[in-house]
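First up is the structure itself, then whatever we jot down about it.
Counting starts at 1 for both ligands and their atoms, in listed order.
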Amino acid sequence: MSERTLVLLKPDTVQRGLVGQIIDRLEKRGWKIVGLKLINMTDEIAKLHYAEHVDKPFFPGLASFMMSRPIIAMALEGKNVVEAVRKFMGSTNPQEAQPGTIRGDFATDIGRNLIHGSDSVESAVRELSIFFTEGELHSYEREIDAWIIES
Ligand code: DAT
Ligand code: MG
């Protein structure tokens, strides 16, 4: 079933000039970009987005990293895209991430792991509403989808 997920390309991705390569891989996988913008994360957004982590010892460092430079926020649509993007990203700790994943190919440190993807369909709905208004999420046809999606 087609669903949507939130992807964030973290400040390290933008600083390292990896935005194009990562978006290239996402597009080649066949997922549809339905929202995209460059933003600065605020303290308020960090607390909302990482609500499950606010009381953890790593949260202050995580929040200040995420607010340090601009990030890319993307909404992706596709079949089983939430779980599939998690696999595409690789393990949270890049030391454990498989080669072929974003973190496994481009990252070494947990605090510089390049990319965020929603961890469930429920999280995706919640997180997308933090970063995008209804009007910023687009529904549109792609003729090539007949060559990517069976039905
Ligand atoms: P993920 O980003 O894979 O969903 P998460 O939701 O558990 O991972 O954590 C959010 C981010 O917080 C993660 O991408 C990097 C940081 N983080 C998680 N666990 C950490 C830890 N033990 N030490 C430092 N940073 C951590
Ligand atoms: Mg997470």
Side-chain angles (χ1 to χ4, degrees), residues 1-134 136-139 148-149:
M1 204 188 81
S2 189
E3 55 192 37
R4 287 178 171 183
T5 195
L6 175 77
V7 169
L8 300 178
L9 303 182
K10 298 183 181 185
D12 44 349
T13 295
V14 179
Q15 293 299 310
R16 291 175 56 190
L18 293 173
V19 171
Q21 281 192 65
I22 295 177
I23 292 180
D24 187 48
R25 286 193 184 197
L26 293 166
E27 286 188 302
K28 282 182 177 146
R29 183 66 190 271
W31 296 316
K32 190 194 287 184
I33 298 168
V34 295
L36 178 64
K37 57 184 169 181
L38 181 80
I39 57 160
N40 284 300
M41 191 176 258
T42 62
D43 199 47
E44 191 188 356
I45 294 173
K47 285 186 179 125
L48 278 175
H49 174 67
Y50 284 123
E52 63 177 317
H53 298 312
V54 278
D55 296 324
K56 301 202 177 135
F58 62 81
F59 179 75
L62 171 65
S64 73
F65 166 64
M66 291 299 290
M67 294 188 292
S68 65
R69 294 287 192 282
I71 62 170
I72 302 279
M74 303 176 69
L76 293 183
E77 192 175 277
K79 198 179 277 185
N80 196 30
V81 69
V82 174
E83 192 188 336
V85 164
R86 295 288 299 184
K87 290 184 181 149
F88 170 94
M89 288 164 33
S91 302
T92 303
N93 183 348
Q95 296 292 337
E96 287 155 22
Q98 294 296 314
T101 64
I102 297 299
R103 289 162 170 171
D105 285 353
F106 298 119
T108 64
D109 285 24
I110 196 165
R112 300 286 185 273
N113 64 6
L114 298 169
I115 185 167
H116 167 88
S118 308
D119 63 10
S120 67
V121 174
E122 298 72 43
S123 298
V125 170
R126 191 184 76 81
E127 294 174 1
L128 284 166
S129 75
I130 296 170
F131 289 89
F132 292 97
T133 64
E134 286 281 317
E136 290 172 331
L137 295 173
H138 303 270
S139 295
I148 298 170
I149 300 159

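Contacts with ligand 1 closer than 4.0 Å are made by side-chain heavy atoms of Lys10 only, the backbone lying farther away. If you look at Ile110 next to ligand 1, the close heavy atoms, those under 4.0 Å, come from the backbone and the side chain alike.
The closest protein non-hydrogen atom to atom 17 (N) of ligand 1 is Phe58 CE1, 3.5 Å. The shortest contact between atom 2 (O) of ligand 1 and any protein heavy atom is with Arg103 NH2, 3.2 Å. In terms of protein heavy atoms, atom 1 (P) of ligand 1 is closest to Thr92 OG1, 3.5 Å.
Using 4.0 Å as the threshold, His49 has no heavy atom nearer than that to any atom of ligand 1. Contact analysis leaves Arg112 out of contact with ligand 1, as no non-hydrogen atom separation drops below 4.0 angstrom. Ligand 1 lies nowhere less than 4.0 angstrom from a heavy atom belonging to Asp119.
One finds a salt bridge joining Glu83 and Lys87 here, because a Lys/Arg side-chain nitrogen approaches an Asp/Glu carboxylate oxygen to under 4.0 Å.
Here the closest non-hydrogen pair linking Asn113 and Asp12 is N-OD2, 3.5 Å. In terms of heavy-atom proximity, Met41 sits nearest to Met67 at O-CG, 3.2 Å.
Because its NZ or CZ atom is both nearer than 6.0 Å to the ring centre of Phe132 and within 45° of the ring axis, Lys37 counts as a cation-pi partner of that residue.
Of all atoms in ligand 1, numbered sequentially from 1 with element shown, those under 4.0 Å from a heavy atom of His53 are 5 (P), 6 (O), 7 (O), 9 (O), 10 (C). Listed by number with element, the atoms of ligand 1 under 4.0 angstrom from any heavy atom of Asn113 are 13 (C), 14 (O), 15 (C).
Contact annotation: the side chain of Arg103 never approaches that of Ser91 to less than 4.5 Å [non-hydrogen atoms, C-beta and beyond]. In this structure the side chain of Ile102 reaches within 4.5 angstrom of the side chain of Ile22, judged on heavy atoms. Contact of the His116 side chain with the His49 side chain is registered, since non-hydrogen atoms from C-beta on lie closer than 4.5 Å.
A tilted orientation is assigned to the rings of His53 and Phe58, their planes being inclined by 30° to 60°.
Checked against a 3.5 angstrom limit, the closest N/O atoms of Glu52 and ligand 1 fall outside it. Considering both main-chain and side-chain atoms, Arg86 comes within under 3.5 Å of ligand 1 through a nitrogen or oxygen pair.
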